[in-house]
Number of protein chains: 2
Amino acid sequence: MELTKKQQEVLVFLRKRIREGLPPTIREIAAEFSFSSTGTVRDHLKALVKKGYLFLSEKKSRAMELTEKAMLTIPILGRVPAGVPVLAIENIEDYFNVDKLFSQKEDLFFLRVHGDSMIGAGIMPDDLVLVKKQPCAQDKDIVVCRIDGEATVKILRNRENRFFLEPANKNYSIIALNENSQIIGKVITTIRQYV
Amino acid sequence: MELTKKQQEVLVFLRKRIREGLPPTIREIAAEFSFSSTGTVRDHLKALVKKGYLFLSEKKSRAMELTEKAMLTIPILGRVPAGVPVLAIENIEDYFNVDKLFSQKEDLFFLRVHGDSMIGAGIMPDDLVLVKKQPCAQDKDIVVCRIDGEATVKILRNRENRFFLEPANKNYSIIALNENSQIIGKVITTIRQYV
DNA sequence: TGACAGCCCACACAAATGTGTGGTAGTATC
DNA sequence: GATACTACCACACATTTGTGTGGGCTGTCA
């Protein structure tokens, strides 16, 4: 059930248009590929549906959706030997599903990290951490907590059912979790953008 | 030029549908709000356009686009004092524009980081770095380079027009840029996802 | 009072759009 | 030879959809 070259081309176009926010109509697809008949487009769309790359809704204009299989991904490279092109297929370790990163329904927010208390865990000042709001977490989770009126990032430690907030920097000390320090959420991603 | 409550509601619905991948038709909007006339919807859409939240294309079904002003963003929290709710408006430092992160047209790929040579810069083993392909870069840029058949991440140094690749870890040594080490691209973002 | 914005309705019309039927040609498979 | 898939075309038809005109009611602001 592999895609033919032509079907690939159509899929690439659909992906582009869907990402831009407005899926094409059948006639817009026909125009793109200089097809003079709408039937031709329908053949291709039906092939994509049949092969599991596309969902179509009936009687609704532009109503198409990519399946998981067809979603836009950015290749993740692993080891890159000398001599071969960087983006050669052999180097591709996995795909990063861009469309899924932020599609979660949970209550998410970013926190801009202040201070260097988590430097040992690779969380630098001014990094953004994506936080899922939740009142508790597990041992070793990186959590956002409120200590003395300041939101900071720490590692949660569970020692015999007593909880501690541990920094990843020896210049800071461990804090026991009490009524003055409250867990706000769990860090699920960190992002650093270079200018 | 503030939005009225009703216009806000309409915008929220549009944003939801646009994010889901299929902007609504005028009649679908009417159904959502139980309007019995398409004219009513057009009044609201025109108001949103006039106030700078929406672009509409003529004679094309579902052809609407959010303006920068109206785009979906995730709040970035700064300092969070005790006592106030976490997501209180006072805490919001900025907004992270999800829709823009990956919208760049350039040739991008992710590289899974192996080794600890960049630990000092907060880039840990197994982090993902988003790389923009380019054959050269500037002093202090973090670059992906190919050294002895392995893609690694390093800091580029320009000393009197001679280029060096510098690790952020004292256990590794500086390498002069030569025919055995080639710049593949520049790191523009790092991402770490916790399971 | 007048002007304007917000919010709603009814209805008609033309254009855009999906659907359906049927056809041709090439290629591959059994 | 039969069958199936791919890749195109032509054309008609019904529905969906955007557009346009006209109207009503409620406010606010000058």
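As the structure is a prediction and not an experimental result, all values here were calculated from the model. Numbered from 1 within each chain, the chains take letters A, B, ... in sequence-line order.
- When the side-chain nitrogen and oxygen atoms of B:Ser36 are compared with OP1 and OP2 of C:dA10, one or more of them lie within a distance under 4.0 Å.
- Taking side-chain N and O atoms only, A:Ser61 has a distance below 4.0 Å to OP1 or OP2 of D:dT17.
- OP1 or OP2 of C:dT17 sits under 4.0 Å from a side-chain N or O of A:Arg62.
- Residue A:Phe33 contributes atom CZ, which lies 12 Å from atom P of D:dA7 at whole-angstrom precision.
- Distance, B:Leu22 CG to C:dG18 C1': 14 Å, rounded to whole Å.
- Between A:Thr25 and A:Glu28 the shortest side-chain heavy-atom distance falls below 4.5 Å.
- Counting only heavy atoms from C-beta on, B:His44 has its side chain closest to C:dC7 among C:dC7, D:dC8, C:dT17.
- To the nearest 0.5 Å, the span separating CD on A:Gln138 from CZ on A:Phe163 amounts to 9.5 Å.
- Side-chain N/O atoms of B:Lys46 include none lying less than 4.0 angstrom from OP1 or OP2 on D:dG20.
- The base of C:dA10 is paired with the side chain of B:Ser37 by a donor and an acceptor separated by under 3.5 Å.
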Exercise. Could you go step by step and tell me if A:Val187 and A:Leu130 meet the side-chain contact (heavy atoms from CB on, under 4.5 Å) rule?
Worked result: CA-CA 6 Å; A:Val187 173; A:Leu130 183 59; over 6 Å; no
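- Under the 3.5 Å distance criterion, the side-chain polar atoms of B:Lys51 are matched with a main-chain donor or acceptor of B:Glu2.
- Crowding of B:Phe55 atom CZ: a count of heavy atoms from other residues, nucleotides or ligands under 6.0 Å not exceeding 12.
- Both A:Ile26 and B:Ala47 lie near DNA chain C, and the one whose nearest nucleotide falls closer to the 5' end is B:Ala47.
- A straight line from CZ of B:Phe35 to C1' of C:dC7 spans 8 Å, rounded to a whole angstrom.
- Closest-nucleotide positions on DNA chain C for B:Gln7 and B:Lys59 were compared, and the one nearer the 5' end corresponds to B:Gln7.
- OP1 or OP2 of C:dC8 has at least one side-chain nitrogen or oxygen of B:Lys6 nearer than 4.0 Å.
- Separating the NZ atom of B:Lys60 from the C1' atom of D:dT19 is a distance of 16 Å, rounded to the nearest angstrom.
- Scanning atom types as modelled, one donor and one acceptor separated by under 3.5 angstrom connect the side chain of B:Arg27 and the base of D:dG18.
- Put simply, CG on B:Asp43 is 13 Å from C1' on C:dA10, counting in whole angstrom units.
- Computed from coordinates, the B:Glu2 CD to D:dT28 C1' distance equals 17 Å when rounded to whole Å.
- Looking at heavy-atom distances under 4.0 Å, A:Thr4 makes contact with sugar-phosphate atoms alone, never a base.
- Within the structure, a side-chain polar atom (N or O) of B:Arg42 is placed less than 4.0 Å from OP1 or OP2 of D:dT19.
- Atom P of nucleotide D:dT16 and atom CD1 of B:Ile29 are separated by 17 Å, given to the nearest angstrom.
- Rounded to an integer number of Å, the gap from A:Leu56 CG to C:dG20 P is 12 Å.
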